[in-house]
Amino acid sequence: MIVTTGKDLFVDERGNYFIPVHVQNKEVQLANAFNVLAFENVLDQEYYDEHKNEKIGFTIANRLKARIELFKRNYIQQNIYPLEELYNGGYEVAFVPVYEPSV
């Protein structure tokens, strides 16, 4: 398996999704996918108008669910792997804390 930064998704046994934010040789840093998506958009007037009166967490969760669905249907050329495949593949895995922006 070749891990691609920002492209592949990994899912743990609890259904949490992670995105590789740094890959070097057999070292991989993963960030919670929800957290990565939370830092992708800038709160400008257009975004505010589009999502006015919505709970921010639902907006981000819906974007993540849509992205996962695109992966599963092969509409975008990315992969979803079980997290344990990283460990089984000999990768050293580190997790970026949720409270730190990863992008």
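In this chain, residues are counted from 1 in sequence order. Every heavy atom of this structure was used, including side-chain atoms; hydrogens, water molecules and symmetry mates were not.
Here the shortest heavy-atom pairing between Ile2 and Asp8 reads O-OD2, 3.7 Å. A pairwise comparison of heavy atoms in Thr4 and Pro20 identifies O-CG, 3.6 Å as the closest pair. Residues Met1 and Tyr91 share a closest heavy-atom pair of O-OH, 2.8 Å. Glu54 approaches Glu50 most closely through the heavy-atom pair OE2-O, 3.8 Å. When all heavy atoms of Asp12 and Phe18 are compared, the closest pair comes out as OD2-CE1, 3.7 Å.
Look at Lys65 and Glu69 and you find no salt bridge, because none of the NZ, NE, NH1 or NH2 atoms lies under 4.0 Å from a carboxylate O.
We find the OH-CG distance between Tyr48 and Leu43 to be 8.5 Å, quoted to the nearest 0.5 Å. Rounding to the nearest 0.5 Å gives a distance of 7.0 Å between CD of Glu27 and NE2 of His22. Once rounded to the nearest 0.5 Å, the distance linking CG of Leu86 with NZ of Lys26 reads 9.0 Å. For the atom pair CG (Asp49) and CD (Gln45), the distance works out to 4.5 Å, reported to the nearest 0.5 Å. Asn88 contributes atom CG, which lies 7.5 Å from atom CD of Glu85 (distance to the nearest 0.5 angstrom).
Under a hydrophobic-cluster definition in which Ile, Leu, Val, Met, Phe, Trp and Tyr are linked whenever side-chain heavy atoms come within less than 4.5 Å, directly or via other members, Leu70 and Ile60 are assigned to the same cluster. In terms of hydrophobic clustering, with Ile, Leu, Val, Met, Phe, Trp and Tyr side chains grouped at heavy-atom distances under 4.5 Å, Leu83 and Val36 are assigned to different clusters. Cluster annotation: Val23 is connected to Tyr87 through the hydrophobic network of ILVMFWY side chains, with a link wherever side-chain heavy atoms come within less than 4.5 Å. There is a path of hydrophobic side-chain contacts, each under 4.5 Å, that joins Ile80 to Leu64. By the rule that hydrophobic residues join a cluster once side-chain heavy atoms approach within less than 4.5 Å of another member, Phe34 and Phe95 end up as members of separate clusters.
Heavy-atom neighbours of Glu46 CD from other residues, nucleotides or ligands within 6.0 Å: at or below the threshold of 12. No more than 12 heavy-atom neighbours from other residues, nucleotides or ligands sit within 6.0 angstrom of CD on Glu92.
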Going through the checks in order, is the side chain to side chain contact (heavy atoms under 4.5 Å, CB included) test met by Leu9 and Ile68? CA-CA 8 Å; Leu9 280 177; Ile68 292 166; 4.0 Å; yes
Taking it one step at a time, do Val21 and Leu30 satisfy side chain to side chain contact (heavy atoms under 4.5 Å, CB included)? CA-CA 6 Å; Val21 293; Leu30 297 176; over 6 Å; no
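Remark: side-chain polar atoms of Lys72 are not paired, donor with acceptor, to backbone N or O of Arg67 under 3.5 angstrom.
Contact check for Phe10 versus Ile19: no side-chain heavy atoms found under the 4.5 Å cut-off. With a 4.5 Å cut-off on side-chain heavy atoms, Glu40 and Leu37 count as touching.
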